[in-house]
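One structure is given here, and the rest of the page talks about it.
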Amino acid sequence: MADAGIALVRRPGPRLAEGLVTHIERRPVDLALARRQHEAYTAALRAAGWAVRAVPEADDAPDAVFVEDTVVVCGDVAVLTLPGAPERRAEVAGTEGVVRDLGLTVERIAAPGTLDGGDVLQAGGTVYVGRGARTNEEGICQLARLLGGRRVVPVDVRGALHLKSAMTALPDGSLIGVPDWVDTSALPALRVAPEPSGAHVVVLGPEHLLLAASAPRTADLLAADGFRVTVVDIGEFEALEGCVTCLSVLVPTRLS
Ligand SMILES: NC(=O)NCCC[C@H](N)C(=O)O
């Protein structure tokens with residue numbers, strides 16, 4: 001059964017260990033283990049009802065596995081990004097082919113705008129966009145125009161790579177994360193995640209969440225709230241500042 005929608009993923013390439021690190025110390029990455037972790041992550045999406053669609057691999061792009069950063073899907077519109085890190089811009093072409101195949105309306109961020117998908121958090125009817133090292137004001141303005149009609153709220157991010165490194169949303173649109181990493185004055189209440197990696201929650205279904213194994217206290221907290229919580233070990237991606245959110249783009253089934 002795969003009725004939740006389509007999940008875009010991209011397998012880790014041979015140069016994964018060369019991926020960018022900004023806020024953490026570089027440590028070695030075990031490519032074979034990363035590939036196994038990615039398969040388990042993909043299996044968790046499938047088990048939750050998502051039809052997994054592979055974006056063509058991009059072997060020369062070490063960070064290509066973090067496919068979320070290449071596109072923002074909002075309703076029927078797919079906005080191809082212009083990643084803030086020049087090293088990552090070649091990743092977008094492969095994603096474009098797939099979103100065109102899905103029949104989405106394709107738009108794109110253009111220079112001098114920059115925008116990473118990891119900075120875009122859709123929560124309820126609001127689109128929060130992180131303003132920081134990877135996403136600039138011009139990128140946010142372009143996104144707001146392309147998503148015309150949606151409420152777009154810029155949020156300053158400090159000390160974290162992306163907005164979704166710092167906070168994500170639960171199925172009811174409420175926020176969970178690390179208050180020190182975002183300008184909370186732009187936000188409604190932000191529930192404090194007991195550990196930093198608990199800031200990253202993927203909504204697999206109305207009562208089903210995906211979390212990293214490195215966030216056991218957050219997993220317990222959300223399970224106590226009544227959520228079904230699936231946990232995956234993504235340690236080799238966390239070594240490159242990745243999280244559960246950035247390894248996929250979920251395109252929910254549109255009900256008509
Ligand atoms: N959305 C995300 O959180 N993406 C993680 C990207 C990690 C990658 N090493 C980078 O620095 O771009």
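We count ligands from 1, going down the list as the structure has it; atoms in each ligand are counted the same way. Position 1 is the first residue of the sequence; numbering continues from there.
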Next on the checklist: With salt bridge (charged side-chain N to carboxylate O under 4.0 Å, His left out) as the criterion, how do Asp63 and Arg15 come out once you've worked through the C-alpha distance, each side chain's angles and the decisive distance to 0.1 Å?
Outcome noted: CA-CA 8 Å; Asp63 282 309; Arg15 294 179 53 194; over 6 Å; no
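A salt bridge links Glu57 and Arg11; the closest N-O separation between the charged side-chain nitrogens and carboxylate oxygens is under 4.0 Å. A salt bridge does not link Glu39 to Arg36: none of the charged side-chain nitrogens sits closer than 4.0 Å to a carboxylate oxygen. Salt bridge status for Asp180 with Arg158: absent, with no side-chain N to carboxylate O gap under 4.0 Å. With respect to the salt-bridge test (charged N to carboxylate O, under 4.0 angstrom), the residues Glu137 and Arg131 qualify.
More than 12 heavy atoms of other shown residues, nucleotides or ligands fall within 6.0 angstrom of atom CD in Glu195.
With distances taken over non-hydrogen atoms, the option nearest atom 12 (O) of ligand 1 out of Arg134, Glu238, His200, His162 is Arg134.
At least one heavy atom of Arg88 sits less than 4.0 Å from an atom of ligand 1. Residue contacts with ligand 1 include Cys243, since one or more of its heavy atoms lies under 4.0 Å from the ligand.
For the 3.5 Å distance criterion, the side chains of His200 and Ser165 fail to qualify, holding no donor opposite an acceptor.
At a 3.5 angstrom cut-off on N or O pairs, Asp63 counts as close to ligand 1. The shortest N or O to N or O distance between Leu20 and ligand 1 is under 3.5 Å.
At a heavy-atom cutoff of 4.0 Å, ligand 1 is contacted by the side chain of Leu161 but not by its backbone.
For atom 5 (C) of ligand 1, the nearest non-hydrogen atom of the protein is Glu241 O, 3.5 Å.
Remark: ligand 1 atoms within the under-4.0 Å shell around heavy atoms of Glu68 are 1 (N). Numbered from 1 in the order shown, with element, the atoms of ligand 1 that lie under 4.0 Å from a heavy atom of Leu240 read 7 (C), 8 (C), 9 (N). Atoms of ligand 1 lying under 4.0 Å from at least one heavy atom of Asp69, given by number and element, are 1 (N), 2 (C), 4 (N), 5 (C), 6 (C). Near Gly118, meaning under 4.0 Å from any of its heavy atoms, are these atoms of ligand 1: 1 (N). The distance from ligand 1 to the heavy atoms of Cys246 drops below 4.0 Å at these ligand atoms: 1 (N), 2 (C), 3 (O), 4 (N), 5 (C).
With rounding to the nearest 0.5 angstrom, the CD atom of Gln37 is 11.5 Å from the OG1 atom of Thr42.
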